[in-house]
Amino acid sequence: MPELPEVEITRRGIAPRLTNAKITSVTIREHRLRWPVPANMAKHLAGCTINSVNRRAKYLLVKTDNGTIIIHLGMSGTLRFVKPGTAPKKHDHVDIEINSDYILRYNDPRRFGCLLRTDDNPLSHPLLTRLGPEPLSSAFTGHYLHTVSKGRRIAIKPHLMNAAIVVGVGNIYASESLFRAGIHPKRAAGRISLERMMHLTEAVKLVLQESIHHGGTTLRDFYNGEGKPGYFSNELNVYDRQDEACIKCRQPIRQITLGQRSTFYCPNCQR
DNA sequence: CCCGATTCCTGTAGGC
DNA sequence: TGCCTACAGGAATCGG
């Protein structure tokens with residue numbers, strides 16, 4: 001399930017081959033993703049050149065000389081290169097062929113992802129305008145998080161997963177970051193001191209950076225541009241480790257449901 | 001405005 | 001072995 005590190009790993013994997021490449025054809029086999037793949041996308045993109053591959057939140061932004069492709073991997077989407085002539089498999093929904101020698105193939109069993117195209121600045125697209133700061137940027141500080149949490153009674157974990165507060169932190173990294181910061185996932189966001197918020201923002205940054213360093217987290221769905229999994233799941237301290245001994249205090253890790261999402265924490269270390 | 005619940009979808013795992 | 005059900009989750013949207 002791609003969160004920010006997995007999307008960033010994907011970006012780094014596909015950017016070298018895509019940058020300055022010419023799109024020779026686009027094939028759409030399934031339009032029914034989270035939002036319909038625009039019918040005219042293939043026509044718009046055929047023959048144009050890719051200028052850059054960037055990321056904002058969990059969106060990949062493929063800038064061409066005829067608009068920008070906006071790609072979201074949802075929770076089961078992958079992008080990988082195959083050679084032309086490779087038979088499509090189940091859930092291979094879209095092909096973008098470049099330089100007649102590689103196909104960037106989008107596969108998404110659950111179809112929670114999307115592929116869109118815009119002529120405008122993609123940051124002005126409705127899906128991207130209300131996003132909070134990047135967690136790895138200097139804008140995401142303890143002061144910022146403390147300020148935007150004032151008076152909020154929502155539990156800190158779903159608060160951290162709210163893209164209007166900060167982007168890219170999904171279910172796995174929210175649990176991991178709160179464990180590292182020693183904060184209980186159910187604690188009201190508005191009742192966390194500035195000092196603890198500073199610890200939390202540092203924990204978020206560290207967890208995300210370490211995950212990127214390990215190639216992301218593969219639990220079941222995530223594979224990078226070369227079809228290889230990430231190895232950060234070995235480094236997870238609480239996620240999917242219910243009943244295992246906490247690495248700090250040896251008490252069993254607990255699993256609860258919070259905001260309709262499974263949540264993992266140490267009841268002894270997190271308050 | 002705030003916040004919890006619902007919704008989309010399919011593969012996987014567990015129960016019988 | 002096979003059928004059935006529960007569950008996983010990103011994020012928009014709905015409802016109170």
Side-chain angles (χ1 to χ4, degrees), chain A residues 1-11 29-37 55-61 70-79 88-94 106-116 122 125-135 145 147-178 185-192 204 208 211 216-223 229-230 232-233 236 238-243 255-264:
Chain A
M1 44 212 80
E3 298 184 32
L4 186 145
E6 292 73 39
V7 179
E8 179 61 20
I9 291 294
T10 299
R11 188 193 70 78
R29 296 184 200 83
E30 176 59 82
H31 290 263
R32 296 172 301 168
L33 302 185
R34 179 71 174 81
W35 285 278
V37 182
R55 178 187 62 74
R56 169 72 173 113
K58 297 175 192 168
Y59 294 93
L60 289 168
L61 306 174
I70 301 174
I71 305 173
H72 197 293
L73 301 176
M75 68 162 289
S76 58
T78 55
L79 286 167
K89 296 186 177 142
K90 203 173 182 183
H91 307 306
D92 283 342
H93 303 315
V94 179
Y106 178 82
N107 177 288
D108 187 1
R110 267 153 271 192
R111 294 198 268 127
F112 280 13
C114 67
L115 262 98
L116 302 167
H125 190 279
L127 288 172
L128 281 83
T129 48
R130 281 170 224 165
L131 296 175
E134 288 287 327
L145 190 56
T147 300
V148 296
S149 302
K150 281 194 175 126
R152 304 291 293 270
R153 285 180 292 182
I154 189 172
I156 184 62
K157 191 201 170 223
H159 189 60
L160 209 49
M161 292 170 64
N162 179 352
I165 300 298
V166 59
V167 301
V169 183
N171 201 40
I172 297 173
Y173 298 116
S175 279
E176 290 300 314
S177 302
L178 288 165
K186 285 175 90 166
R187 176 166 285 276
R191 298 191 54 194
I192 297 173
V204 167
L208 295 177
S211 181
T217 300
T218 297
L219 290 176
R220 41 185 80 82
D221 293 317
F222 174 69
Y223 296 92
F232 193 67
S233 35
L236 298 175
V238 290
Y239 187 86
D240 214 14
R241 294 196 185 282
Q242 64 278 18
D243 304 327
Q255 176 176 13
I256 57 171
T257 297
L258 185 51
Q260 296 78 238
R261 290 290 175 268
S262 60
T263 301
F264 303 85

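The basis for the numbers below is simple: all heavy atoms, side chains too, and nothing from hydrogens, waters or symmetry mates. Chain letters run A, B, ... following the sequence lines, proteins first, then strands; residues in each count from 1. These figures come from a predicted structure and were not determined experimentally.
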- Please walk me through it: do Ile71(A) and Thr10(A) pass side chain to side chain contact (heavy atoms under 4.5 Å, CB included)? CA-CA 11 Å; Ile71(A) 305 173; Thr10(A) 299; over 6 Å; no

- Item | Short side-chain N/O contact to dG9(C) OP1/OP2 from Tyr173(A), under 4.0 Å | no

- Item | Rounded distance (Å) that lies between atom P of dA12(C) and atom NE2 of His72(A) | 8 Å

- Query: Does Arg29(A) CZ have over 12 foreign heavy atoms under 6.0 Å away?
  - Reply: yes

- Query: Quick one: Phe264(A) CZ to dA8(C) P, roughly how many Å, whole number?
  - Reply: 8 Å

- Whole angstrom is fine here: how far is it from NE2 in His125(A) over to C1' in dA11(C)? 14 Å

- Arg110(A) CZ - dT12(B) P separation (whole Å): 8 Å

- Would you say a side-chain N or O of Lys58(A) is under 4.0 Å from OP1 or OP2 of dG10(C)? no

- Output, in order, the C-alpha distance, side-chain angles, deciding distance and verdict of side chain to side chain contact (heavy atoms under 4.5 Å, CB included) for Asp108(A) and Thr78(A). CA-CA 6 Å; Asp108(A) 187 1; Thr78(A) 55; over 6 Å; no

- Message: Please confirm whether the shortest side-chain N or O distance from His91(A) to OP1 or OP2 of dC9(B) is below 4.0 Å.
- Response: no

Are there any protein N/O atoms within less than 3.5 Å of an N/O atom in nucleotides 1-8 of chain B, and if so, which ones and at what distance?
from   : atom 1 : to        : atom 2 : distance (Å)
dC3(B) : OP1    : Arg153(A) : N      : 2.8
dC3(B) : OP1    : Ile154(A) : N      : 3.3
dC3(B) : OP2    : Arg152(A) : NE     : 2.4
dC3(B) : OP2    : Arg152(A) : NH2    : 2.9
dA5(B) : OP2    : Gln260(A) : OE1    : 2.6
dA5(B) : N7     : Gln260(A) : NE2    : 3.4

- Smallest heavy-atom separation, Ser76(A) atom then Arg110(A) atom, equals OG-N, 3.0 Å

- Please check the phosphate of dT10(B) (OP1 and OP2 only) for any side-chain N or O of Ser76(A) closer than 4.0 Å. no

- Looking only at heavy atoms, which two atoms of Tyr106(A) and His72(A) are closest? And how far apart? OH-O, 3.4 Å

- Short side-chain N/O contact to dG11(B) OP1/OP2 from Lys90(A), under 4.0 Å: yes

- Query: How about Lys90(A) and Asn107(A): does a side-chain donor come under 3.5 Å of a side-chain acceptor?
  - Reply: no

- Where do Leu33(A) and His93(A) come nearest, in terms of heavy atoms and distance? CD2-CD2, 3.7 Å

- When rounded to whole Å, the CG to C1' distance for the pair Asn171(A) and dC7(C) reads 13 Å

- Whole Å only: how far is the NZ atom of Lys89(A) from the C1' atom of dT10(B)? 18 Å

- Separation of atom CG in Leu4(A) from atom P in dG10(C), rounded to whole Å: 12 Å

- Length of the line joining Trp35(A):CH2 and dC9(B):C1', which is rounded to integer Å: 14 Å

- Message: Side chain of Tyr59(A) only, heavy atoms from C-beta on: which candidate in dG11(B), dA12(C), dG9(C) is closest?
- Response: dA12(C)

